[in-house]
Structures are given as structure tokens and as C-alpha cells.
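Throughout, a chain's letter reflects where its sequence line sits, starting with A, and its residues are numbered from 1.
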There are 2 protein chains.
Amino acid sequence: MTPQPARRNEQSRRAILTAALELMTEAGYSAVTIEAIAARAGVGKQTIYRWWRGKGAVILDALADNAPEVLALPDTGDLRADLRQVLRATVAEFADPRLSATTRAITIETLADDELADQVRDRLLRPQLNAVRTRLEAAREAGQVRTDAPLDQVVELLFGPLYHRWLLRNGPLTDDYADGIVDLTLAAITPPCTCLGI
Amino acid sequence: MTPQPARRNEQSRRAILTAALELMTEAGYSAVTIEAIAARAGVGKQTIYRWWRGKGAVILDALADNAPEVLALPDTGDLRADLRQVLRATVAEFADPRLSATTRAITIETLADDELADQVRDRLLRPQLNAVRTRLEAAREAGQVRTDAPLDQVVELLFGPLYHRWLLRNGPLTDDYADGIVDLTLAAITPPCTCLGI
DNA sequence: GCGTCAAGACGAGACGTTGCGTCTCGCTGT
DNA sequence: ACAGCGAGACGCAACGTCTCGTCTTGACGC
């Protein structure tokens, strides 16, 4: 009844994930169908349905499998520079049609499937957000960030506007914009002027 | 060839938009299909395809048609209180399964259709964002906001994190969270301490 | 004014296409 | 032998196009 992972064909698994990624970048999200994946991977449809819940789960695995994963941000000591680099990289990802297509695809699946959304959050997004959070904690240790700043919210203050603008096309998504968001965020979390200690 | 709007049947138009909204709130986004809309509205499918490009366009018109539209925020003089009210209202909208379903539906369509995304932005989102921007301008006049703050970015600093958390389910979406975002944003845009003038 | 008439929008639904998810084949590898 | 495998048939649902026959409407002639 339930499949036994021990007998799973690794070649088929990899062929499926590769086919899904290729279809997404070559022909766009609408071309990513179970039947197309199966055909390109040279695989029966049942083999896909045996191991995944549906298209969204395949896409998620395909992305998670090929994610190199930077687990830690660079820490040059200059918080502003480090954050700019991260946000500019995110902007570049949204600007690149190829990378943007994958983000778009997984976002669509996320909106339509709660269970999948949880996995996307835990496996793809949390690691990235946590890396930024860790960098912010280091900055707080260094006295560059006010101690009462809610760092989880600060992280979302950085990424939220980027996602918002990408989603809504509410203006150009440029390096300047990323820098502006970093500047605003830093203004929100730098220790208050003591009016005495200068 | 191209339909003549003068001869358009207003009753059918309204029946279609009403049916689309009802299906969305009663049975969820997956139940909103052209065929279902046509059946409930007592209308031929061709009548829909004659006037709309597809499901997304119908949903957009349905939402825009029934949008009450608050064109201006309250201005109590207390910027923090006014912003909190707006963001809390947005949080409530995301929390309500009924309202959230419509937002979710139009967002999915937006992700898959660039042309539609532009219309959603102009007809549904820009008015709301501009209302907040106008309130911020008034606050700037009153000296409550630093004059060099890029207000468009500030607006996205407010809404971006909310959309981000809703989209990614990256934590609870509560009034407290909305208040926290307002506090952070205000910290970013309040005039700098002059270290002299207190 | 008023009849009439053609253009075109309308409700209804048939049609071919596509993708879904399930199923049933032998075949293969362990 | 037993599962997983490739292949693909199957029924289902929705798509988008099309073709009916009916009804509405605006333009023209009287």
C-alpha cells in the first residue's frame, strides 16, 4: 500500500526533479504539468504520484534539492553594507526572469495549498530569514542596534517591501530601492541619540 | 468582430459579477470557474468570454465593482494611532477567511498574468496605498515626519511586512504585530534628534 | 412619431483539447 | 516473489471556440 522508500529508484527521482526545473526555466510555469514532467523525465505518471502529493510538492523538492544555501551572511562589521548586499541579491533574483519564474511558481502553489506553504516556509524561507536575523543579533551585540528592537519584525521589514513590490509590480525593483529600504530600516533600529554622549 | 459596449446587457453583467463573488465566498477559489459562474448567473459562457479575458478579469471587476473605497484615512492628528488603525484593518482582512479568500484569489491570478497584475495594482491597491501616502504627507507638513523620508517606500515599509507574513505564514498575523510594524516605521521616519534643541 | 428590419448580443450547450488523478498492464531488479 | 517501474488507457472536469435559434436595439423609411 504505502511505498517503501528503500526500493525507490534514485535515477527516476533525480530525473523528475531535473525535468521539473528545466520545464520551469525553459517554458514557464504554465508548462510545468505532471504529464510534461513525466514525459520529459521518461517516467510513468504513477511514479510521480507514488512519491509526491502533486505538482507543488515536486516543485518544492526540486528547488530545495538544488538550493546551495548560504547559511550565514558575510559579516564585514558594516551592517549597512552587509544588508545592502543581501537585499540587492534578492532584487537580482526577482529581476532575473529565470529565477523569478521559480519563485513565482512556488508562490502560486503556496497560495493554494496550506500544507505545502508550511514546508516552503520551513525549508526555503526560514533559513534565509534566520541568516539575516543572526547577522542582526551580532550587530546588536556590537551595540549597532537598539536592544529593544524585535528582530523578527525587523527581518520582515527588510524583505516584506521587496516581496510586496515584486508581487504588486508597484514600481521598479532596483538596487536603489533595496538600499532605500535598508536605510529606512537602519534608521528604525539604530540606538537613539542620547543628546549627551557625543 | 469586436463587441459594441452600447448593446451590452447590464443585467447579465451584474449577474456575472455577483455570481463570481458569491462562488468565491461560499465555495472558495477553486469553485470559481467560468462554467460555474455562467451557470449560476444564468448566462452563456460566450457572454463572459465576449467581455472578459478570463477568470481573473472577471474576479477583478467583481472586486472593483463592490469596493466601497475609503479614499482618505482618518486624520486625528495622531499619526501613530491613524496608521495602527489602517494596519489593524488590513490584518483583520487577512484573518477573515471570507475576505482573505478574495485577496488570495486575485493574488493568484496576478502572479500568473502580467496584464491583469497591472490593473489590480492601479484599480485596487494604488488607491489604498495613496491614501496612506496622503496621510503621511500631512504628517510631514506637521513636522512629525523627517522631510527627506521617501514616502512611497515608507508606505511599502508598512504594508510589505503584512503581505509577507500573510503570504509566507511566517508567524501569527495579529494586531500586536501590526502595531509593532507601525512603531518600527515611525522610528525610521521621525525627525532626528538634534542633540541641541530639546 | 412609428413600424420594420438587420445587426448583434443573448442563453444554451455541443465540441475538441488539455491536464488531472486513478487504474491496469507487463517488465525489471533485488 | 514482490514491489517499484515505464507506459498509457480511462473517466472527469474545465477550458476556450463554435453554432444554434431567440430577443433586443438602434437606424432608417414612411
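Heavy atoms of B:G54 sit nowhere under 4.0 angstrom from any nucleic acid atom. A:Q4 comes within 4.0 angstrom of the backbone, heavy atoms only, and of no base.
Distances were taken from every side-chain heavy atom of B:R7 (C-beta onward) to each of D:dG16, D:dT25, D:dC5; the shortest belongs to D:dT25. With D:dG4, D:dA7, C:dC20 as the choices, the nucleotide that has an atom nearest any side-chain atom of A:P3 turns out to be D:dG4. The side chain of A:K55 approaches C:dC20 more closely than any other nucleotide in the set D:dT17, D:dC5, C:dC20. Listed candidates were C:dG21, D:dG16, D:dG6. Nearest to the side chain of B:I34 is D:dG16. The side chain of A:T47 sits closest to D:dG6 out of C:dG11, D:dA3, D:dG6.
What separates CD of B:E35 from C1' of C:dT17 is a distance of 13 Å, to the nearest Å. Put simply, CD on A:Q11 is 10 Å from P on D:dG6, counting in whole angstrom units. Rounded to whole Å, the distance from CD1 on A:I48 to C1' on D:dC5 is 13 Å. Here C:dG13 presents its P atom at 17 Å from OH of B:Y49, a figure rounded to the nearest Å. The interatomic distance linking A:K45 (NZ) with D:dG4 (C1') rounds to 18 Å, in whole Å. Look at CD1 on A:I37: it is 12 Å from P on C:dG19, rounded to the nearest Å. For the pair A:E10 CD and C:dT30 C1', the interatomic distance rounds to 17 Å; values are reported in whole Å. Rounded to whole Å, atom C1' of D:dG6 lies 19 Å from atom CZ of A:R13.
Between the side chain of A:R121 and the backbone N or O of B:R169, at least one donor-acceptor pair lies under 3.5 Å.
The aromatic rings of B:Y163 and A:H164 sit perpendicular to each other, their planes meeting at more than 60°, with 30° as the lower class boundary. The aromatic rings of A:F94 and A:W166 sit parallel, their planes meeting at an angle under 30°, below the 60° perpendicular limit.
Across the interface with DNA chain C, nearest-nucleotide mapping of B:R8 and A:R53 shows B:R8 to be the residue nearer the 5′ end.
For C:dG11, the OP1/OP2 oxygens have a side-chain nitrogen or oxygen of B:S12 closer than 4.0 Å. A:W51 has a side-chain polar atom (N or O) that falls below the 4.0 Å cut-off from OP1 or OP2 of D:dC5. Phosphate proximity of C:dG21 to A:W52: absent, as no side-chain N or O sits under 4.0 Å from OP1 or OP2.
Side-chain to base pairing of B:Q46 with D:dC18: one donor and one acceptor N or O lie within less than 3.5 Å of each other.
Follow the hydrophobic side-chain contacts under 4.5 Å out from B:Y49 and you reach B:I59 in the same cluster.
A cation-pi contact, defined as under 6.0 Å to the ring centre and within 45° of the axis, is absent between B:R7 and B:W51.
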